[in-house]
Structures are given as structure tokens and as C-alpha cells.
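For reference, the structure discussed in these notes is given below.
Only a predicted model underlies this, so the values are computations on that prediction, with no experimental measurement involved.
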Amino acid sequence: MKRILLLALAVALAWTVSAWAQQPNFYIEQPPGWSGPQTSLEGGLETQFVAPGQDAFIEVYAQPSGPVDLNQYADAWVREVVANGVPHHSLAASAMSQTNTGVPGLVREYTGHDQGNNFRSLLIFSQYNGYMYIVQGVYLDNGNQATANAVYTSLDSFGFPDSLHQGPGVQPSPQPQPAPAPQQGYQQGPGYQGQDGLAQMGSKGLVDRAWNDDGRCQVQWGLATGGTNGDCVFYVSTSRNINLHLRNATGNNQDLFRVEIADMQRNMALVAREDNIGAVVRKVSLPPGEYSVLVSGPGVPWKIYWD
């Protein structure tokens with residue numbers, strides 16, 4: 001029943017928009033093991049991925065558009081798809097952000113309920129080169145963290161390839177690349193050596209592990225949770241590039257916490273600080289190394305996961 005329901009929602013959504021142009025140009029990672037990409041679909045649906053258990057899907061729409069207010073556009077689009085049976089019932093979070101390639105975008109998160117099932121959806125609205133792009137990830141909110149992580153990671157990758165020298169449409173999950181220079185959210189602390197110095201660290205005995213010493217948070221490789229036992233410090237050692245995804249665990253964008261990340265191999269130099277993190281996912285990219293992660297907030301349950 002759940003599998004049929006998710007596929008039915010995807011089909012319903014494909015018919016909610018009029019026929020759109022044929023040559024949008026975008027980039028999004030396909031979650032490993034998911035079917036797709038389904039391309040050249042009807043109703044402006046440019047591509048679609050479906051999870052192996054058919055309990056989640058990701059879609060990209062594109063529509064030729066002049067300048068519009070993203071919030072007004074999102075309101076109208078959500079009203080239309082809800083009328084066609086897609087369970088975007090309650091707005092959990094909404095914030096202006098950027099795509100992976102720096103183009104402004106509106107990020108929204110919704111919860112919904114249909115036929116006895118709870119759903120969670122993440123939407124991105126972004127306008128670029130005469131097109132309005134809508135990226136949607138919908139999944140059954142049934143505690144399957146791996147599926148939820150796959151949706152967020154894929155949508156985090158969405159961007160436009162013009163400056164990346166990549167072809168249009170969907171690209172497979174990339175192979176590991178040399179460590180990048182600090183991105184948005186980084187502060188260059190004492191001892192920072194630049195891109196070349198960071199890129200060499202992955203071959204110097206680093207192993208992939210995560211741990212905590214005082215039991216104030218629960219930590220395993222790929223996931224850390226906490227917030228009910230006060231501030232927490234945990235540690236991450238990684239031999240490769242990783243993306244930390246930060247969000248609260250309540251779904252309420254008024255529940256805020258803070259994260260500070262220090263480089264243990266460079267005299268605890270501060271490399272990233274994110275304040276006022278709520279229900280909308282923040283992303284911090286880290287190159288190979290060993291890091292201390294301080295999470296603080298007034299008793300707000302939080303979740304940090306990485307790939």
C-alpha cells in the first residue's frame with residue numbers, strides 16, 4: 001500500500017503543471033541504489049528518482065519564467081499540488097538559501113498525512129537563466145534515517161552546471177575529489193595552509209570514525225544526535241571529504257542551536273561556525289582531517305549526519 005501510494009503521489013504531481021520548455025540545465029546527484037533517472041516526462045517533470053523500497057522519490061521541475069517573488073510562487077505551487085493530492089499540509093520551515101553552485105533559492109520543508117502515513121517533504125525553488133526550478137524530495141516519515149539522509153544529500157547537491165563545466169541534467173554521484181578550499185561558513189583559523197595542504201591529509205593514517213567521551217550525545221559514524229543532556233562535544237576523524245548536515249530534531253524552526261567545528265590537527269583552529277540552526281538543513285563541507293564538534297543550545301534536540 002505504501003509503495004503504491006508514493007508512486008501515485010508522484011504521478012499526480014506530474015500532471016499539476018502545464019507543458020514546459022525542453023532544455024533546462026541543472027545538476028543533481030542520484031542517490032546510490034535508487035532507480036532512475038527517469039527523464040523526458042510529462043507536465044514539466046524533467047527527472048525523477050525512486051528509492052529501492054518505493055518509500056521516497058525526488059523530482060526536478062523546470063518552467064520558463066520571468067522575475068517573480070519566490071515565496072509567492074512557492075505558495076501558489078504548493079496550493080496546486082495539494083489540490084492534486086500531494087501531502088504538503090503543514091509548513092515546518094522556510095528560509096532563503098543558495099543552491100550548491102551559489103544561486104539564490106527558497107528552501108521549504110513540509111509535513112503531511114495521507115491514508116494513515118506520515119510524510120516529510122523538502123522543496124527548493126530557484127530561478128536561473130530564464131527558468132524556475134522546483135526540486136522536491138518526498139519520503140515516508142517512518143524512522144528510516146537512511147532514506148531521509150539520501151533525500152537531503154541529493155537535494156543539497158542541486159545546482160547549475162555552467163560554472164562547473166558539466167553537462168545538463170542528472171549526473172551520477174561523484175567520485176572523491178581533492179579537498180576543496182573553505183566554502184561559505186568557514187573562517188580561516190591559525191595554521192590554515194590552503195587547499196594543497198588540506199588535500200594531502202587523507203593519506204596520512206586517518207581513519208573514518210566518530211566518538212564522544214562524556215555520553216551527552218549519541219555518536220556513530222555518519223550520525224550524531226543529542227540536545228537533551230546539555231551541550232555536547234563529539235569528534236570526527238575522516239579520511240575523505242564529508243558534508244555535515246545540521247538540523248534540529250523537532251521540525252520547529254524556532255528551536256535553534258549552534259555548532260562550532262575546530263581542526264584538531266591545527267591547534268584547534270576554528271574552521272566553521274553555524275548559528276541559529278533550525279529545521280532547515282545547513283551544510284558544512286570538511287576535507288580529510290580530525291575535528292572537534294561543539295553543539296550548544298537551550299535543550300533543543302538536534303541531529304547531525306554526514307555522507
Side-chain angles (χ1 to χ4, degrees), residues 69-75 77-78 87-100 102-113 118-126 134-139 141 143 145 147-158 183-187 216-219 222-234 236 242-261 270-286 293-307:
D69 181 273
L70 289 179
N71 275 291
Q72 292 180 1
Y73 188 97
D75 289 343
W77 195 84
V78 169
H88 299 332
H89 296 147
S90 299
L91 179 63
S94 179
M96 288 301 299
S97 185
Q98 291 184 341
T99 69
N100 190 42
V103 177
L106 174 66
V107 179
R108 287 190 174 185
E109 190 163 3
Y110 286 86
T111 58
H113 187 80
N118 293 320
F119 294 89
R120 187 170 288 271
S121 307
L122 188 68
L123 296 169
I124 299 172
F125 297 85
S126 185
I134 303 101
V135 188
Q136 174 177 241
V138 178
Y139 62 94
D141 196 5
Q145 191 60 49
T147 297
N149 290 355
V151 171
Y152 283 106
T153 299
S154 178
L155 267 68
D156 276 346
S157 75
F158 177 75
Q183 300 178 6
Q184 182 178 3
Y186 276 81
Q187 300 176 13
R216 290 191 176 185
C217 49
Q218 295 71 53
V219 181
L223 177 66
T225 58
T228 57
N229 295 320
D231 295 353
C232 169
V233 177
F234 68 92
V236 176
I242 59 173
N243 296 312
L244 298 187
H245 305 268
L246 325 172
R247 61 170 295 180
N248 68 33
T250 67
N252 184 344
N253 212 37
Q254 303 303 312
D255 294 336
L256 304 176
F257 67 100
R258 181 176 69 184
V259 170
E260 297 180 24
I261 303 175
L270 183 67
V271 295
R273 173 172 172 168
E274 293 286 339
D275 295 310
N276 298 322
I277 305 166
V280 175
V281 174
R282 303 269 190 95
K283 182 174 72 170
V284 175
S285 299
L286 296 175
V293 183
L294 168 62
V295 187
S296 57
V300 174
W302 50 265
K303 175 170 61 177
I304 298 175
Y305 58 94
W306 57 94
D307 48 25

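- Remark: F119 CZ to D141 CG distance equals 10.0 Å, nearest 0.5 Å.
- For the residue pair Q136 and Y110, no side-chain donor N or O sits within less than 3.5 Å of a side-chain acceptor on the partner.
- Using a 4.5 Å heavy-atom threshold, the side chains of V78 and L91 count as separate.
- A heavy-atom distance below 4.5 Å is not found between the side chains of N118 and T111.
- Taking SG from C217 and NZ from K303, the interatomic distance works out to 15.0 Å, rounded to the nearest 0.5 Å.
- How far CD of Q218 is from OG1 of T225: 4.5 Å, rounded to the nearest 0.5 Å.
- Panel note: side chain N149, backbone T153; no donor-acceptor pair is recorded below 3.5 Å.
- The minimum heavy-atom distance linking A74 with F125 is given by the pair CB-CE1, 3.5 Å.
- Of the inter-residue distances, the one linking E109 atom CD with Y152 atom OH reads 3.0 Å to the nearest 0.5 angstrom.
- G137 and V151 get closest at one heavy-atom pair: CA-CG1, 3.8 Å.
- Taking both residues in full, the closest heavy atoms of G112 and H89 are given as CA-ND1, 3.7 Å, listed atom of the first, atom of the second, then distance.
- Pairing each heavy atom of V138 with each of S121, the nearest pair is CG2-OG, 3.5 Å.
- Rounding to the nearest 0.5 Å gives a distance of 10.5 Å between CH2 of W306 and CG of L246.
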- Message: Let's go through L294 and R273 carefully: what are the C-alpha distance in whole Å and the side-chain angles of both, what is the deciding distance for side chain to side chain contact (heavy atoms under 4.5 Å, CB included) to 0.1 Å, and is it a yes or a no?
- Response: CA-CA 9 Å; L294 168 62; R273 173 172 172 168; over 6 Å; no
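- Ion pair R282/D275 not flagged as a salt bridge, since none of the NZ, NE, NH1 or NH2 atoms sits closer than 4.0 Å to an Asp/Glu carboxylate oxygen.
- When all heavy atoms are compared, the tightest approach of S94 to L106 is OG-CD1, 3.6 Å.
- Taking the six-membered ring where tryptophan is involved, the planes of Y305 and H245 are essentially parallel, since the angle between them stays under 30° and well short of 60°.
- A 4.5 Å side-chain heavy-atom check between V135 and S154 finds every atom pair outside the cut-off.
- Side-chain N or O atoms of N253 include one that pairs as donor or acceptor with a backbone N or O of A279 at under 3.5 Å.
- Side-chain atoms of N248 come within 3.5 Å of backbone atoms of G251 as a donor-acceptor pair (strictly under, hydrogens ignored).
- Between V236 and L286, the closest side-chain pair of non-hydrogen atoms is not below 4.5 Å.
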- Message: Would V300 and L256 count as a side chain to side chain contact (heavy atoms under 4.5 Å, CB included) here? Give the steps.
- Response: CA-CA 7 Å; V300 174; L256 304 176; 5.8 Å; no
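- With S126 contributing its side chain and P104 its backbone, the two residues share a donor-acceptor pair below 3.5 Å.
- Residues satisfying the side-chain hydrogen bond (donor to acceptor under 3.5 Å, both in side chains) criterion with D231, sequence neighbours excluded, are absent altogether.
- Contact annotation: the side chain of N71 approaches that of R108 to within less than 4.5 Å [non-hydrogen atoms, C-beta and beyond].
- Classification of the W302-F234 ring pair by plane angle, with boundaries at 30° and 60°, yields parallel.
- The structure places CG of L122 at 8.0 Å from CG of D156, a figure rounded to the nearest 0.5 Å.
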